[in-house]
**Q** 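This structure is in structure tokens; I'll ask about it shortly.
A, B, ... follow the sequence lines: proteins, then strands. Residue 1 opens every chain. Everything numeric in this text was worked out from a predicted model, so none of it was measured.
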Amino acid sequence: MVGIVAFGAYVPRLRLNRQAIYDANKWYAPGLRGQAKGERSMANWDEDAITMAVEAARDCLTGRDPKGLNNLYFASTTHPFKDRQNAGVIATALSIEQGLLASDVGGSQKAGTSALIAALNASRGGATSLVAASDKRQTRVASATEMQYGDGAAALLCGTEGVIARLVGSHSVSLDFVDHFRGETAEYDYGWEERWIRDEGYAKIVPPAIKAALAASGLKGADIAHFVMPSLMAPVPKLMAKMGGIAETAVRDQLAATVGDTGTSHALVMLVDALENAKAGERIMVVGFGQGVDILVFEATAELAKLPKRLGLSGWMARRKEEKNYMKFLAFNELLPIEKGMRAEFDKKTALSILWRKRDMIYGLIGGKCRVCGTVQFPKSQVCVNPNCHATDSQDDYGMAGLEASIMSFTADALTYSPDPPAYYGMITFPEGGRFMSDFTDCDKEQVKVGTKMRMTFRIRDNDTARGGFKRYFWKAAPV
Amino acid sequence: MARGIKDKVAILGMGCSKFGERWESGAEELMVEAFKECLIDAGIDKKQLQAAWFSTAIDEVNVGKSGIPLSMTLRLDNIPVTHVENMCASGTEAFRGACYAVASGAVDFALALGVEKLKDTGYGGLPGGRGAPLQQLWNANGTAPGNFAQLASAYMAAHDVGYDDLKKAIGHVSWKSHQNGAKNAKAHLQKAVDMDTILNAPMISAPLGLFDCCGVSDGAAAAIVTTPEIARSLGKHDVISVKALQLSVSNGSESGFNSWDGSYFHTTRIAAKKAYEEAGIRKPRDEVSMFEVHDCFSVTELVTMEDLHISETGQGWKDVLNGFYDADGKIPCQIDGGLKCFGHPIGASGLRMLYEMYLQLQGKAGVRQLKDPRIGMTHNLGGSPRENVASVSIIGRLDA
């Protein structure tokens, strides 16, 4: 049996209030008023498609040893690197380099579902495959997409053992229907008229594909309990369901009021939402639209209820902070030439040879554990840090990324350059042993105290814009 | 068996430039200013110098590497010049090098000169940067105030001291140094400041406000050392001798091993203990006449006075508030204004501290002169609370 064996999701903590967007822009674009409802997820300044994908993948791998994973697909239309494998960064962060085929999938809003189909196909031969989909799309000020889009990620583990959602069937068509595009030099999407997209695109491409997928699955429309289909046009999924003979009650919420459309990840984010609510035996249809359409049909199994508890979409959704400061959104997305001061000018050139030597430490947060005295330490070093030991060449790798730490000392630094001042950082200690001075992220003043429990999260440290945007990633501590 | 440095080396002469924002001067002018005073005080000819140690800390914005800048600027007689850098302890390291050269018998006269030209960066505060290429990939996005501010959070937690008490105590540390700096014509900041101004200043890195941070200054200081015998033969009567020179350097136990709680300086405690042993001091609270310690930030001074074994651990804030370290207190600390007001040109600071002790011990400190000091102690702390270089020096009257 091939199917999904685990799921995970990630939604940034910040949720930008849409009324705040509208209030700032209504002088210019009063037509946005109808969309000034609810909120959209907003990546922190230190998040991008890679960091969100790492979080979703970690969530997905909860309670599971990632070693032995055969394939990793990273779907996005906003890969931080054009040439340098983005999936490879995720693999190193997850400490799963060896024996892995990692690939980036992109170029379309259906990249997420296409990657999922590829992963499921790969698993037919017994391989374990992880799909991570993540998008953080740039939008123009006062555009409709600024209101509609959100940032987020989902991850699905595919395999043959412990399947929680069995793949019943799938169907894909590829058509060069250009509802929108983003050219090589563009930062923003350019879209065509919605009515044309609805009538000539969705209405003519999706229903026949649904019909074909149902036929391939040996099912009827009425058999579908969860219809997962994202679309920027709110009524379209209901229309497609109706045309496919699927009950309107099966059409799942698009999370527009709380998250927004997370791009190529969104079909998978909505699938995770469905899986969190599905009962054994229920069928789920997933529709990924974009230059054609992918349709997947799953059936939830009894294993679903046994999946180890994880944050999942609902957990990350609950970890929420409302943001009403639209200026902060603009500044975080480099849409505002904000004064950064001379302290932002320091050269951020990365020695790639060092990064290679130390990739386990920097991307994997791998420390060391001394075989002689048992002391856990970060970084791993040749001479043990324990003053009563100091043994040489005595340390084994010890992963710290999944450990909870607590704050020993801290400050709120208003002097150093930070895109979100003041910069919070401090010494964190791990109860297993080990400590280091860590940047904090996703935190408020009242949370930062001696003793606060912290969780490690993979984030951007710097962006070397002088060399075309080489992002430096490392781990930061965030309140649990 | 080593017997230590005590009374093997005498300070023959010292000099110190005016500290401050010396827009009109480069490092070269500052070096010459300190050296001129030092050479006149020593009463020897430049050609008699046989070796020199030259300290700077931030080469990137200063004179650059090597001993060449000192030799070129002073037109030294092609003698050996060693460039030393050990963060904020650099000046003391230059002094230590010169003293060891004399104590070894290798030379009769050695020069130590430290200089830092910081005010050529275009912004306030210390020149930034994120360290070595590997450190740039993982060290927290921190600053000096941010690193030292964490002492406060850990100290409050370790000793159950309330925020308001701590804020007042560290405020008093700075208040006292401003009182002292106002009496020093060479100091960078020569203005007394009231407590309200200190407590209500803008936050730099919580809980440290503007007045909890020392000045970023340009300056130079120098010393010429010889043996006590030569000093006497040259007609010096009140010979000031070196009693102890100790240095302790972190090995990672604070930053990497879970035993240190962040509320004190592990290295300072070690260096102080060794220094008292070297100098033969058994009861420092009774025997040391005065201190110049590394008050880069007010909370550093507060904690340091415990680590030097003067105040009881966790009780230093009470001594501070009781005026124990004020100019008219039991043991005056930072009688010249300290880093806080005299200023902190990093490579020169250790020598500047010794300069004030040297003046005080000879009774030449003018309006700041303390009554009959016999033993003076200086302390530098380079780096951050978790990884640092701590130096402790004791000088005194040869007959003390």
**Q** At their closest point, which heavy atom of Ala478(A) faces which heavy atom of Asp442(A), and how far apart are they?
**A**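 Scanning both residues completely, I find the closest heavy atoms to be CB-CB, 4.2 Å.
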**Q** Which bit of Leu415(A) is near chain B, if near means a heavy-atom gap under 4.5 Å: side chain, backbone, both or neither?
**A**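 Both backbone and side chain of Leu415(A) come within 4.5 Å of chain B.
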**Q** At a heavy-atom separation under 4.5 Å, does Phe430(A) approach chain B through its side chain, its backbone, both, or neither?
**A**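 Backbone only.
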**Q** Sort and list the pairs that fulfil ring pair (Phe, Tyr, Trp, His ring centres under 6.0 Å) and have at least one residue in residues 342-373 of chain A, not counting sequence neighbours.
**A**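 Of all non-adjacent pairs touching residues 342-373 of chain A, those that pass ring pair (Phe, Tyr, Trp, His ring centres under 6.0 Å) are Tyr363(A)-Phe458(A).
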**Q** Please test Thr452(A) against Gln447(A) for side-chain hydrogen bond (donor to acceptor under 3.5 Å, both in side chains), starting from the C-alpha separation and ending with a verdict.
**A** CA-CA 7 Å; Thr452(A) 297; Gln447(A) 294 174 295; over 6 Å; no
**Q** Given side-chain hydrogen bond (donor to acceptor under 3.5 Å, both in side chains), test Arg386(B) with Asn147(B) step by step and report yes or no.
**A** CA-CA 8 Å; Arg386(B) 70 186 187 280; Asn147(B) 283 321; 3.1 Å; yes
**Q** Using non-hydrogen atoms and a 4.5 Å limit, figure out which bit of Ser384(B) sits close to chain A: side chain, backbone, both or neither.
**A**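 Ser384(B) has no heavy atom closer than 4.5 Å to chain A.
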**Q** Is a salt bridge present between Lys274(B) and Glu277(B), judged by a nitrogen-to-oxygen distance below 4.0 Å?
**A**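 No.
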**Q** Going by an N to O cut-off under 4.0 Å, is there a salt bridge joining Lys348(A) and Asp462(A)?
**A**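 Looking at Lys348(A) and Asp462(A), the cut-off is not met.
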**Q** Can you tell me which of Ala351(A), Gly426(A), Pro422(A), Gly341(A) forms the most heavy-atom pairs within a distance under 4.5 Å of chain B?
**A**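 Ranked by heavy-atom pairs under 4.5 Å with chain B, first place is Gly426(A).
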**Q** Check step by step if side-chain hydrogen bond (donor to acceptor under 3.5 Å, both in side chains) holds for Tyr425(A) and Asn139(B).
**A** CA-CA 10 Å; Tyr425(A) 55 92; Asn139(B) 273 8; over 6 Å; no
**Q** Taking every heavy-atom pair that is under 4.5 Å apart, which of Ser153(B), Ala152(B), Pro385(B) has the most such pairs with chain A?
**A**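 Most heavy-atom pairs within the cutoff with chain A belong to Ser153(B).
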**Q** Which atoms of Leu126(B) come close to chain A, meaning under 4.5 Å heavy atom to heavy atom: side chain ones, backbone ones, both, or neither?
**A**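 For Leu126(B), the contact with chain A is made by the backbone alone.
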**Q** Is His379(B) reaching over with its side chain to a backbone N or O of Ala272(B), donor-acceptor style, under 3.5 angstrom?
**A**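 The answer is no, because no donor-acceptor pair under 3.5 Å joins these two groups.
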**Q** By a 4.5 Å heavy-atom criterion (distance strictly below it), what part of Ser259(B) contacts chain A: side chain, backbone, both, or neither?
**A**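 For Ser259(B), the backbone is the part near chain A, not the side chain.
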**Q** Based on non-hydrogen pairs under 4.5 Å, which of Lys349(A), Lys449(A), Met361(A) is most in contact with chain B?
**A**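 Among the listed options, the one with the most contacts to chain B is Met361(A).
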**Q** Taking it one step at a time, do His344(B) and His188(B) satisfy ring pair (Phe, Tyr, Trp, His ring centres under 6.0 Å)?
**A** CA-CA 9 Å; His344(B) 187 22; His188(B) 180 172; over 10 Å; no
**Q** For the backbone of Lys119(B) and the side chain of Asp218(B), can you confirm whether one donor and one acceptor N or O come within less than 3.5 Å of each other?
**A**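 Answer holds: yes.
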**Q** Pick from Gly262(B), Gly142(B), Ala149(B): which one has the most heavy-atom pairs with chain A under 4.5 Å?
**A**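 Looking at each option in turn, the highest pair count goes to Gly142(B).
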**Q** With only heavy atoms counted, which part of Arg435(A) is less than 4.5 Å from chain B, the side chain, the backbone, both or neither?
**A**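 It is both, since atoms from each part get that close.
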**Q** What residues of residues 384-397 of chain A sit under 4.5 Å from chain B when you count only heavy atoms?
**A**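 Val385(A), Asn386(A), Pro387(A), His390(A) fall under the 4.5 Å cut-off.
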**Q** Using only non-hydrogen atoms and a strict under-4.5 angstrom cutoff, which residues of residues 400-408 of chain A touch chain B?
**A**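 Interface residues of residues 400-408 of chain A: Met408(A).
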**Q** Using the rule given for side-chain contact (heavy atoms from CB on, under 4.5 Å), can you reason through Asp212(B) versus Ile204(B), listing the C-alpha separation, both sets of side-chain angles and the distance that settles it, and then say yes or no?
**A** CA-CA 9 Å; Asp212(B) 293 302; Ile204(B) 301 297; over 6 Å; no
**Q** Could you give all pairs that pass the salt bridge (Lys or Arg N to Asp or Glu O under 4.0 Å) test and reach residues 250-267 of chain B, with sequence neighbours left out?
**A**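 Residue pairs with at least one partner in residues 250-267 of chain B: there are none.
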**Q** Using atom types as modelled and distance alone, determine if a side-chain donor or acceptor of Ser438(A) lies under 3.5 Å from a backbone N or O of Lys476(A).
**A**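 Not confirmed, Ser438(A) side chain does not pair with Lys476(A) backbone.
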**Q** Can you tell which part of Asp347(A) gets under 4.5 Å to a heavy atom of chain B, answering side chain, backbone, both or neither?
**A**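 Looking at Asp347(A), just its backbone touches chain B.
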**Q** Any salt bridge between Lys136(A) and Glu47(A), counting N to O under 4.0 Å?
**A**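 Salt bridge absent between Lys136(A) and Glu47(A).
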**Q** Going by an N to O cut-off under 4.0 Å, is there a salt bridge joining Glu345(A) and Arg343(A)?
**A**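 No.
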